2 protein chains.
Amino acid sequence: MTTTQDSTTHDLYPTRSVPETRVFDRQGPVVYGSAEDGPMDAELLKHFDDKGYLVIDQIITKDELAELQAELKRLAENADVKADDRTVVEPKSNEVRSIFEVHKTNEIIKKIANDPRLVRRAEQILGSQVYIHQSRINYKPGFAGKEFSWHSDFESWHAEDGLPEPRALSISILLTDNYSFNGPLMIMPGSHKKYISVPGATPENNYKQSLVMQGAGTPSEETLTEFADTYGIDVLTGKAGDAIIFDSNCMHASNSNVTPFSRSNVFLVYNSVENAAVEPYAAPGRRPEFIASTDFTPAGS
Amino acid sequence: MTTTQDSTTHDLYPTRSVPETRVFDRQGPVVYGSAEDGPMDAELLKHFDDKGYLVIDQIITKDELAELQAELKRLAENADVKADDRTVVEPKSNEVRSIFEVHKTNEIIKKIANDPRLVRRAEQILGSQVYIHQSRINYKPGFAGKEFSWHSDFESWHAEDGLPEPRALSISILLTDNYSFNGPLMIMPGSHKKYISVPGATPENNYKQSLVMQGAGTPSEETLTEFADTYGIDVLTGKAGDAIIFDSNCMHASNSNVTPFSRSNVFLVYNSVENAAVEPYAAPGRRPEFIASTDFTPAGS
């Protein structure tokens, strides 16, 4: 049920096919719902609006955590999974880094991805039913976990997947403790209210490279320095079982992990059904279905 | 005035020319002096004894900080310095990473390296006069700063430079703010009381490679995991102008720095004159004088 983009539609967030970097205000709200619409109170929603992220303590039970951890271990050691096209391995160590589309291929992940604890929160922020645009399990192994440079997810999802607006968010369920020192998520709080339009064409099959190291769509060091000076950097630490919810347009990154403590999570991207993917705005072709879903069936339904 | 090692001397810290990894207790004290012997009180000395490090707030004045920062900038941009054998550049970006022997080649560094604020503290901990075994300026540039894996400095200084015992310490004067997110020093607190004997011969001219990425003398992942589980990891943050003092046998490392905030310091290694370098204990030859000094003239004299 792919929707074809109307060529008369105005692109609110031009990028890549642009002559130079331009920073402009986000169009439309960050938070669409209010405290009456879901489990989160007004204060928490305001925090999300201001900072672009929030942390929910222990969103899953200890038993669910143990089950997910065991499933992760099983998948990382499974030869078929490792050989699958939807699995990304570390270039050097050949260890599993990410497994995509797990909300469809794995019953345990499917269940949690459609659980009201996640879906109701996504709906409350996005003000509508939501569908899963992307899902993955991430492993950042001890000793070998590599860094990921600064980027806005929305910039990629707009250019390469055709999401019209940043009416999407990610929920990361932490499956290991995230310390300041094992390559946690870093966010420039408030950066989600600005959009950075980045010049540079999207290469063919860019996703193969960009899953390993962000390339196209990465802002210049000059722009990132200005952003860091303006917004600062928040380091998002948390315990296994916590969830981090963050806006699709946050400027975020992570450092390497030379510690022995691995860092793993289940990562789910919810997009508003009113913001369903159209044709890519700035890419030679659509990314594969396992990275950018065009199944707009509402989650939790 | 190199001392020749007596072949009858017993090696208290065998490493590299050993059949397997072995962990054993440190021989001798960590702190040789007491509160009466210098500027640090008993509580601070106990902290150093227990953890293997301490942080001194604002050990230099704002004016001295500004002078050192300006000098660092000048040196990093100087073509002669960049081409010098004593300068290490980042493999990819070709930016300056370290400049060695600056306590001899640079008047500003020489002055601070011999300043009583540093020398008296080193003497208080090491219980004797001290000389400078090594000095360097370190740059960890924003966006490009690479990680450094876990190691004990003493293990290298013993094997490759001939320091008989871990009666040495490092003082790092921070020239930029060190946050949790820009690749700060990480230490396993308490690890300095154990010595890890690591198998594997030292390659010829190992220093050329080891300055860029630690190789020989690096403990196994298994041993490091046991250590991290036992001791945990402390992240040493601080403000520009602060000093970090840490024991030569601390297990330490640092992650990469993808943030725009660079991380620079002046790094000075003080060794007890009663622990002066002899012949290397486990290396084909001595490292160059600019990395491992055999000028045992007491600092501050």
Side-chain angles (χ1 to χ4, degrees), chain A residues 90 92-93 95 140-151 176-189 191 196 212-215 218-238 251-263, chain B residues 90 92-93 95 140-151 176-189 191 196 212-215 218-238 251-263:
Chain A
E90 289 273 347
K92 278 187 190 170
S93 67
E95 286 189 77
K140 196 161 196 167
F143 302 110
K146 287 295 158 211
E147 66 238 23
F148 222 86
S149 45
W150 297 95
H151 65 286
T176 56
D177 291 346
N178 280 217
Y179 305 98
S180 71
F181 50 71
N182 62 342
L185 180 63
M186 301 186 287
I187 287 180
M188 296 187 190
S191 63
I196 307 178
V212 178
M213 184 57 67
Q214 192 73 18
T218 305
S220 67
E221 295 190 354
E222 188 187 353
T223 307
L224 290 171
T225 302
E226 284 171 18
F227 263 57
D229 287 342
T230 302
Y231 298 110
I233 294 171
D234 283 354
V235 176
L236 276 70
T237 58
M251 196 51 57
H252 64 288
S254 61
N255 278 319
S256 64
N257 179 19
V258 300
T259 79
F261 302 113
S262 66
R263 191 175 147 261
Chain B
E90 290 272 348
K92 278 189 188 166
S93 67
E95 286 188 78
K140 196 158 195 168
F143 302 110
K146 287 295 159 209
E147 67 238 21
F148 221 89
S149 44
W150 298 95
H151 66 286
T176 55
D177 291 346
N178 280 217
Y179 305 98
S180 72
F181 51 69
N182 63 340
L185 179 63
M186 301 186 287
I187 288 180
M188 297 188 189
S191 63
I196 307 177
V212 177
M213 185 54 68
Q214 192 74 19
T218 306
S220 67
E221 294 190 354
E222 188 188 352
T223 307
L224 289 170
T225 302
E226 284 171 18
F227 262 57
D229 287 341
T230 304
Y231 299 109
I233 294 171
D234 283 355
V235 176
L236 276 72
T237 57
M251 196 51 56
H252 65 288
S254 61
N255 278 318
S256 65
N257 178 19
V258 301
T259 79
F261 301 113
S262 66
R263 191 176 147 262

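From a predicted model like this one, the values you see are computed outputs, not experimental measurements. Just so we're on the same page: letters track the sequence lines, and every chain starts at 1.
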Verify, without hydrogens or angle tests, whether B/Ser256 (side chain) and A/Ser256 (backbone) share a donor-acceptor contact under 3.5 angstrom.
->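 Checked: pair present.
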N/O donor-acceptor pair under 3.5 Å between B/Asn255 side chain and A/Asn182 backbone =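 Answer holds: no.
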At a heavy-atom separation under 4.5 Å, does B/Phe261 approach chain A through its side chain, its backbone, both, or neither?
->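 The side chain, not the backbone.
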What is the distance from atom [atom1] of [X] to atom [atom2] of [Y], rounded to the nearest 0.5 Å?
X: B/Ser180; Y: A/Tyr179; atom1: OG; atom2: OH; result: 14.5 Å
X: A/Phe143; Y: B/Glu221; atom1: CZ; atom2: CD; result: 4.5 Å
X: A/Trp150; Y: B/Thr259; atom1: CH2; atom2: OG1; result: 7.0 Å

Would you check if A/Pro260 and B/Ile233 make a side-chain contact, meaning some heavy-atom pair closer than 4.5 Å?
->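 Yes, side chains in contact.
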